[in-house]
Amino acid sequence: MGNLKKDLDIKLIALDMDGTLLNNNGQVSSANRDAIRAAQEKGVYVVLSTGRSLLTVREHADDLELTSYLVTVNGSEIWDEKREIVERNIVNSEHIQWMWDLSKQHNTNFWAINTEKTWHNEMPEDLHKHNWLKFGFTIEDDATRELVLKELTARSEFELTNSTLKNIEVNAAGIHKARGLSVVCSKIGIDMQNVMACGDSRNDLMMIKEAGLGVAMGNAQDVVKEAADWITTSNEEDGVAKAIQKWVLD
């Protein structure tokens, strides 16, 4: 890492939200807020890159006065600075039906995001009338989770990640945060080498690997820490602010 900084030209900061930008109370600390403001004042793009949908991202983006793109639902949607859709990647409703049936078969909790709302442990009367972006399983029991993951993997039709050790997140094959960020980079005329990406879970893994600088949170899953170029402090200890200060502002 000694020679890494002088070779870096960070023009875009990509931030996961839960477990990264947000503390355990779902809030942005004043230190993180100040660092983001300082980065934007320096001309660096700050992009929220999250598993959440726009419905629960917009408030934070507006509150932080972000003036850039948003990558939501793990890359299923990309939004411009006016919060208008740039790209949308749908999960086939037949696949959603199959996953819902799988969750019932294994008696798991689930959630599903379509273009209108997030559904928790219930589904609309005719799910085939909706455009779906992601399906998620929350499974406390390790053996059951492994079984479900095995069935999902066998289909070879999905992008499989997680946002906690107890869940499985399912997007359309090839759809992930790194791909969403590469679209954003092409729109604003920079390279993924100009990106610093911060995250804590498997749904951050691809962007941490493909960014010029991949930063794992102190509270990150081990697999994320192993893939990262640098590890900051936890989301409870202003880890995002410390990363921005070290790699962008100093």
Side-chain angles (χ1 to χ4, degrees), residues 1 4-5 8 10-75 79 81 83 118 161-167 169 177-178 180-181 184 194-205 207-208 211-225 227-250:
M1 288 299 292
L4 183 56
K5 187 172 182 185
L8 286 173
I10 302 300
K11 297 177 179 177
L12 187 151
I13 300 165
L15 300 175
D16 170 53
M17 291 179 65
D18 296 284
T20 301
L21 173 63
L22 305 179
N23 63 23
N24 293 341
N25 294 321
Q27 297 168 330
V28 181
S29 71
S30 57
N32 284 354
R33 185 182 301 277
D34 291 346
I36 287 168
R37 183 184 301 114
Q40 287 204 128
E41 286 172 356
K42 193 177 176 181
V44 176
Y45 297 94
V46 179
V47 173
L48 299 181
S49 185
T50 175
R52 293 179 175 222
S53 73
L54 184 68
L55 290 173
T56 56
V57 173
R58 185 197 289 268
E59 178 185 353
H60 288 286
D62 291 348
D63 183 50
L64 290 165
E65 298 179 354
L66 299 185
T67 55
S68 186
Y69 287 70
L70 300 171
V71 175
T72 62
V73 205
N74 292 343
W79 304 85
E81 66 277 7
R83 311 295 185 248
T118 300
T161 61
N162 71 22
S163 56
T164 75
L165 289 170
K166 298 294 186 183
N167 73 26
E169 299 201 344
K177 293 180 181 184
L181 287 169
V184 171
N194 302 123
V195 174
M196 178 176 82
C198 302
D200 71 304
S201 298
R202 280 187 178 270
N203 64 358
D204 303 309
L205 201 50
M207 72 173 183
I208 281 173
L213 179 66
V215 176
M217 303 300 293
N219 53 288
Q221 295 174 29
D222 288 343
V223 67
V224 178
K225 288 180 177 177
D229 298 302
W230 191 69
I231 300 172
T232 186
T233 54
S234 77
N235 65 317
E236 286 285 288
E237 302 166 299
D238 306 320
V240 163
K242 289 184 172 71
I244 293 173
Q245 191 64 48
K246 180 174 177 64
W247 299 106
V248 179
L249 300 179
D250 277 357

Are the side chain of N24 and the backbone N or O of E236 linked by a donor-acceptor pair below 3.5 Å? no

Partner of N203 by side-chain hydrogen bond (donor to acceptor under 3.5 Å, both in side chains), out of T161, N74, N167: N74

Compute whether any side-chain donor of one residue and acceptor of the other, for S29 and D238, lie under 3.5 angstrom apart. yes

Answer whether the closest heavy-atom distance between the side chains of L181 and V71 falls below 4.5 Å. yes

Counting only pairs under 3.5 Å, give me each side-chain donor-acceptor contact of residues 42-61, with atom names and distances, residues two or more places apart or in other chains.
from: K42; atom 1: NZ; to: V248; atom 2: O; distance (Å): 2.3
from: T50; atom 1: OG1; to: R52; atom 2: N; distance (Å): 3.0
from: R52; atom 1: NE; to: D18; atom 2: OD2; distance (Å): 2.8
from: R52; atom 1: NH1; to: T56; atom 2: O; distance (Å): 3.3
from: R52; atom 1: NH2; to: D18; atom 2: OD1; distance (Å): 2.9
from: S53; atom 1: OG; to: L55; atom 2: N; distance (Å): 3.4

N235 and L22: side chain to side chain contact (heavy atoms under 4.5 Å, CB included), yes or no, with the steps? CA-CA 6 Å; N235 65 317; L22 305 179; 6.0 Å; no

What donor-acceptor contacts under 3.5 angstrom involve side-chain atoms of residues 10-17, with partners at least two apart or in another chain?
from: D16; atom 1: OD1; to: K177; atom 2: NZ; distance (Å): 3.0
from: D16; atom 1: OD2; to: T20; atom 2: OG1; distance (Å): 2.7

Should we say atom CD of E65 is surrounded by more than 12 heavy atoms from elsewhere, each under 6.0 Å from it? no

What pair of heavy atoms forms the shortest contact from A31 to A241, and how long is it? O-CB, 3.5 Å

Can you give me the closest heavy-atom contact between L64 and Q40, atom names plus distance? O-NE2, 4.0 Å

Taking all non-hydrogen atoms of both residues, which atom of W230 and which atom of K242 are closest, and how far apart? CH2-O, 4.4 Å

Quick check: does any side chain N or O of N25 sit under 3.5 Å from a backbone N or O of Q27, one acting as donor and the other as acceptor? no

Heavy-atom check, side chain of L249 versus side chain of I244, under 4.5 Å: yes

Could you tell me if the side chain of M196 sits less than 4.5 Å from the side chain of L8, heavy atoms only? no

Take D200 and V224 through the test side chain to side chain contact (heavy atoms under 4.5 Å, CB included) and record every step on the way to the result. CA-CA 6 Å; D200 71 304; V224 178; 5.9 Å; no

For R83 and L66, the nearest pair of non-hydrogen atoms, with its separation, is NH2-O, 3.2 Å

Step by step, would you call L213 with V195 a side chain to side chain contact (heavy atoms under 4.5 Å, CB included)? CA-CA 6 Å; L213 179 66; V195 174; over 6 Å; no

Going through the checks in order, is the side chain to side chain contact (heavy atoms under 4.5 Å, CB included) test met by Q221 and L165? CA-CA 8 Å; Q221 295 174 29; L165 289 170; 3.6 Å; yes

For the student: nearest non-hydrogen atoms of T233 and M217, plus distance: O-CE, 3.5 Å

Hey, does the side chain of D229 reach the backbone of G214 with a donor-acceptor pair shorter than 3.5 angstrom? yes

Taking all non-hydrogen atoms of both residues into account, name the closest pair between G239 and N32 and its distance. N-OD1, 4.5 Å

